[in-house]
Protein chains: 2
Amino acid sequence: MENQVDELVRFFKALAEPNRLRIIGLLAQKPQSVEQLATTLHVGESTVSHHLSRLGEAGLVSARAEGYYSIYALHTGALAAMAKKILHEDALPGLALGMDVDAYDRKVLSAFSDASGRIKAFPVQEKKFLVILRHILGEFEPGIRYSEKRVNQILARYSADTATLRRSLVEHGFMAREGGGGMYWRVQRTAGPHGERESEPTFPRE
Amino acid sequence: MENQVDELVRFFKALAEPNRLRIIGLLAQKPQSVEQLATTLHVGESTVSHHLSRLGEAGLVSARAEGYYSIYALHTGALAAMAKKILHEDALPGLALGMDVDAYDRKVLSAFSDASGRIKAFPVQEKKFLVILRHILGEFEPGIRYSEKRVNQILARYSADTATLRRSLVEHGFMAREGGGGMYWRVQRTAGPHGERESEPTFPRE
DNA sequence: GATGTAATTCTATATTCATGAAAGTAGTTC
DNA sequence: GAACTACTTTCATGAATATAGAATTACATC
């Protein structure tokens, strides 16, 4: 969730400051009072208190009251836990959870299509042309054989230049054509352990 | 060195920002262009470029030129390496390297001593009194037996109240006294695997 | 209870920095 | 070469924050 990002930001922000890192280094040697840290670091006590507060919010330190002293100690486990979290499970892609990863595609489509969804012009750049092709590909169902005439019929919804679209779909491997009969089908792409794989299932007619 | 801290700060600062974390999440899925990231994140391209620059300085991403595109990719190794560095060797105490960890002691000593080094008053707080005692303890060499008379002679350099000093040194375990003969020696503290340990070696006279 | 001490919270200030607009750069297409 | 595209850099601005001093709180000592 978005919460995941916020938690990480709080954690990394806590560590992203020189004096706070030094405090961690000092507390790694032994628990210490605010005054001790302040004199060692040559900064004000209120400043140290502020830093310790931020470190505490991130779960990195905690205080033990001792008289009117606050003896702060390092939570070594917190660092280790976070390191493992980053290292072990690849939580990295999880950071992008809940984001519209198709925003770019939508932007390209709307830039090259008119209100009715027809293509105004073919993008020069292959990267954007592929977005168009992938979109049009959605009109074809996997596992069905289409005659060339039928293919052209469908493509005509997007552009008068059906020949270019048809050829591009084949060239880029989105669709395949039977050698002699002039039948087309959508290529199935299944992500295998070693990259993409194409499969050619049996075909009913549309 | 101080360099160690700076490097870590650069690294953590790079990760301490929501959009940069999201960029990492997106790049973990596949390498992408600046424009793609910008549209997905709904921020300007210059902003994304700025973020990528910071991530690059931290060694987290790198760009591959492709036409006039810059395709950025994640350096998964960098994260893992840093995680291991934090986790494995306890580099934590190393963060405090080159800092005067005795600043607090000096502050206490100068607060309770006059110019000649004599104690003006005994601190009420045990914490600070211990600083005084540890300082005076430096006058006694380990492995040597002192008569009570000799001990008083040495303590008299610091305060007329040698009795309080002598008793405190023993009470806090800094020095030990032979039952009948009235001989004193400095207790050796060696940090063993299970905390502190006291040892009582053989003694020559001073 | 009065005094003193350590810590925290409050307030003000200076610095850092995320952001986007505009200008500049590099590479592509015609 | 002219027009275009993606990207980067520069610049200005608003928000976040590190810092220290002042006020406040919590506790201890006399």
**Student:** Would you say that B/Glu148 contacts B/Arg166 through its side chain, given a criterion of any heavy-atom pair below 4.5 Å between the two side chains?
**Tutor:** yes
**Student:** Does A/Thr47 have a side-chain nitrogen or oxygen under 4.0 Å from the phosphate oxygens OP1 or OP2 of D/dA20?
**Tutor:** yes
**Student:** Could you check how far NZ of A/Lys127 sits from C1' of C/dT29, rounded to whole Å?
**Tutor:** 17 Å
**Student:** Roughly, in whole Å, what's the span from CG in A/Leu52 to P in C/dT8?
**Tutor:** 7 Å
**Student:** Any salt bridge linking A/Lys85 with A/Glu7? Criterion: basic side-chain nitrogen under 4.0 Å from a carboxylate oxygen.
**Tutor:** yes
**Student:** Using a heavy-atom distance cut-off of less than 4.0 Å, which residues of residues 54-72 of chain B contact DNA chain D?
**Tutor:** B/Tyr68, B/Tyr69, B/Ser70, B/Tyr72
**Student:** Taking CG from A/Leu37 and P from C/dA6, how many angstroms apart are they, rounded to a whole number?
**Tutor:** 14 Å
**Student:** Indicate whether OP1 or OP2 belonging to C/dA6 is found under 4.0 Å from a side-chain N or O atom of B/Lys128.
**Tutor:** yes
**Student:** Evaluate A/Tyr69 against B/Gln125 for side-chain hydrogen bond (donor to acceptor under 3.5 Å, both in side chains), listing each step before the verdict.
**Tutor:** CA-CA 11 Å; A/Tyr69 291 90; B/Gln125 300 142 72; 2.7 Å; yes
**Student:** Grab the N/O contacts between the protein and nucleotides 21-24 of chain C below 3.5 Å, and write none if there aren't any.
**Tutor:**
unit_1 : atom_1 : unit_2  : atom_2 : d
C/dA21 : N6     : B/Ser46 : OG     : 3.4

**Student:** Which part of the nucleic acid, if any, lies within reach of A/Val48 when heavy atoms closer than 4.0 Å are counted: base, sugar-phosphate only, or nothing?
**Tutor:** nothing
**Student:** Side chains of A/Phe174 and A/Arg186: closer than 4.5 Å at any heavy-atom pair?
**Tutor:** no
**Student:** Please compare A/Glu35 and B/Arg20 by the position of their nearest nucleotide in DNA chain C and report the one closer to 5'.
**Tutor:** A/Glu35
**Student:** If the cut-off is 4.0 Å, is A/Lys13 near the phosphate of D/dA16, judged by side-chain N/O to OP1 or OP2?
**Tutor:** no
**Student:** Does C/dG4 have OP1 or OP2 sitting under 4.0 Å from an N or O in the side chain of B/Gln125?
**Tutor:** no
**Student:** Roughly how many Å is it from CD in A/Glu17 to C1' in C/dT15, rounded to a whole number?
**Tutor:** 12 Å
**Student:** Give a yes or no on whether a salt bridge exists between A/Lys13 and B/Glu17, defined as a side-chain N under 4.0 angstrom from a carboxylate O.
**Tutor:** no
**Student:** Just compare D/dT29, C/dT8, C/dA7 and give me whichever is closest to any side-chain atom of B/Val124.
**Tutor:** D/dT29
**Student:** Specify the separation, in whole Å, of atom CD of A/Glu45 and atom P of D/dA18.
**Tutor:** 19 Å
**Student:** Taking only N and O in the side chain of B/His51, is any of them less than 4.0 Å away from OP1 or OP2 of C/dT19?
**Tutor:** yes
